[in-house]
Protein chains: 2
Amino acid sequence: MSLRHAVLGLLAHHPGSGYDLLKKFRLSLANVWPATQSRLYGELGKLLEAGLIEVTDVGARGRKEYAVTDDGRAELLRWMTSPQEDPPFRSAQLLRVSLLGQQSPAGARGYLHSLRLHAELEHSRYQQIRDAYDWSGSDGFFARLALENGLRFTRMEVDWADWALGRLDRRPGQ
Amino acid sequence: MSLRHAVLGLLAHHPGSGYDLLKKFRLSLANVWPATQSRLYGELGKLLEAGLIEVTDVGARGRKEYAVTDDGRAELLRWMTSPQEDPPFRSAQLLRVSLLGQQSPAGARGYLHSLRLHAELEHSRYQQIRDAYDWSGSDGFFARLALENGLRFTRMEVDWADWALGRLDRRPGQ
DNA sequence: TCCATCATGTAACCAGTTACATGATTTC
DNA sequence: GAAATCATGTAACTGGTTACATGATGGA
């Protein structure tokens, strides 16, 4: 249940409409917690019903501006220190690796290669983001931390794939 | 839609009942693609209906032994080279980091500390698994690759947390 | 005989996806 | 006047969770 908290966090930073939030999800939060438009509006409705946000303004074209309530801010802080309720870790990539024994040796090698390539592309994508922005503002500080995590993660994936490919080559028996 | 492929992969390796599979999910696959009992039985039903698996034996206590069909094997191979249909990446941890600006500086530091601690515990848990098993068999080869990914990931998280904490300390202005 | 384990399922609910639907306002 | 953008929503479906429910069998 984290889309809820992403919304609370964004609205705590600055009030806005569903449409405004959607843009933030497409930009800064896309690599961390992507959200679809329909889901976002649904969650805004639930948040409103639960009293965690409120409508502070209704503008042109039916635009509703939302802001967090005190209850919402409390819920946000509660969640901040509750990592135990996070969704369990799942990785289709690692699942494939685990099941690679069902593949031909060439297929297995090919998959590890494609993982390596993908990680490398992601890594340079993150590098571009890093180099394109000015992170000195107070706004960008924590986004920069998250980005660094992405950079290091993709770097790790490339290194790991190299290690795995090496081990596969030196594999005893077949 | 990957529980489906986890099941196909396990059954392709060796036929078995839902109960058998459940044990494998609790042991080897728990860190990669956890599954609940109810979901697993549900998926077996769907797989059967779709003709990707078949019942090869009915034993005591209503035990049904399943095996993959040719269609199932084909589907497994198709999925193996289709990473584009994987679920989108989401991380509640990184979402928290991104929203850490809503916290007090002490709260932010505390959260990064707790992340570091958690990563360290996970790392030593993986180390214990690595040291407790004999990975030389053909069976364990790919599981060992997945485990190494976990080891490197948790290592990366610890290093990243240290880097982030250092940056937080040296943060200009407040 | 009792307990652990084997063994399978259902029901209610929550989170997320894709596709569909509608209409107002601004800008060229 | 047409097109882009602003703006909000609904419906059908899939995947996942927790909790509930039931019963057989083997060994102490």
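Naming: A, B, ... by sequence-line order, numbering from 1 per chain. FYI, side chains are in, hydrogens and waters are out, and symmetry mates aren't considered; it's all heavy atoms of this structure.
- Under the ring-ring contact (aromatic ring centres under 6.0 Å, His included) criterion, F141(A) pairs with no residue at all, not counting sequence neighbours.
- Legend: residues meeting salt bridge (Lys or Arg N to Asp or Glu O under 4.0 Å) with D131(B), ordered by chain and number and at least two apart, are absent.
- Per the geometry, CG belonging to L29(A) stands 13 Å off P belonging to dG16(C), to the nearest Å.
- Here the C1' atom of nucleotide dT8(D) and the OH atom of Y41(A) are 5 Å apart, to the nearest Å.
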Identify the pairs formed between an N or O of the protein and an N or O of nucleotides 20-28 of chain C at a distance under 3.5 Å, and give each distance.
none

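- Summarising the geometry, the separation between CD on E85(A) and C1' on dT18(D) is reported as 15 Å, rounded to the nearest angstrom.
- As a whole-Å value, the separation of E65(B) CD from dT8(C) P is 10 Å.
- Legend: ring pair (Phe, Tyr, Trp, His ring centres under 6.0 Å) pairs involving residues 22-81 of chain A, not counting sequence neighbours, sorted by first then second residue: H5(A)-W79(A).
- Within 6.0 Å of CZ on R155(B) lie no more than 12 heavy atoms contributed by other residues, nucleotides or ligands.
- Considering only residues two or more places apart in sequence or on other chains, D70(B) meets the salt bridge (Lys or Arg N to Asp or Glu O under 4.0 Å) condition with none of them.
- The distance from atom CG of L95(B) to atom P of dG16(C) is 11 Å, rounded to the nearest whole Å.
- Atom NE2 in H5(A) sits about 13 Å away from atom C1' in dA15(C), given to the nearest Å.
- Residues passing the ring-ring contact (aromatic ring centres under 6.0 Å, His included) test with Y133(A), sequence neighbours excluded: W135(A).
- With sequence neighbours excluded, the residues forming a salt bridge (Lys or Arg N to Asp or Glu O under 4.0 Å) with E65(B) are R63(B), listed by chain and number.
- The stretch residues 14-24 of chain A comes close to DNA chain D through S17(A), G18(A), Y19(A), each having a heavy atom under 4.0 Å from the strand.
- Screening residues 86-113 of chain B for ring pair (Phe, Tyr, Trp, His ring centres under 6.0 Å) gives no qualifying pairs among residues at least two apart or on separate chains.
- Contacts of E43(A) classified as salt bridge (Lys or Arg N to Asp or Glu O under 4.0 Å), with partners at least two apart in sequence or in another chain: R4(A), R39(A).
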Might you list the N or O atoms of the protein lying below 3.5 Å from N or O atoms in nucleotides 11-16 of chain D, with each pair's distance?
{"from": "dG16(D)", "atom 1": "OP2", "to": "R39(B)", "atom 2": "NE", "distance (Å)": "3.4"}
{"from": "dG16(D)", "atom 1": "OP2", "to": "R39(B)", "atom 2": "NH2", "distance (Å)": "3.1"}
{"from": "dG16(D)", "atom 1": "O3'", "to": "R90(A)", "atom 2": "NH2", "distance (Å)": "3.3"}

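- Applying the salt bridge (Lys or Arg N to Asp or Glu O under 4.0 Å) test to pairs two or more places apart or on separate chains, those with a residue in residues 87-100 of chain B are D86(A)-R96(B).
- The distance between atom CZ of R63(B) and atom P of dG9(C), rounded to the nearest whole Å, is 13 Å.
- By the neighbour-count criterion of 12 heavy atoms within 6.0 Å, atom CD of E85(A) is densely surrounded, having more than that number from other residues, nucleotides or ligands.
- One atom, CG of L44(B), and another, P of dA7(C), lie 14 Å apart when rounded to the nearest Å.
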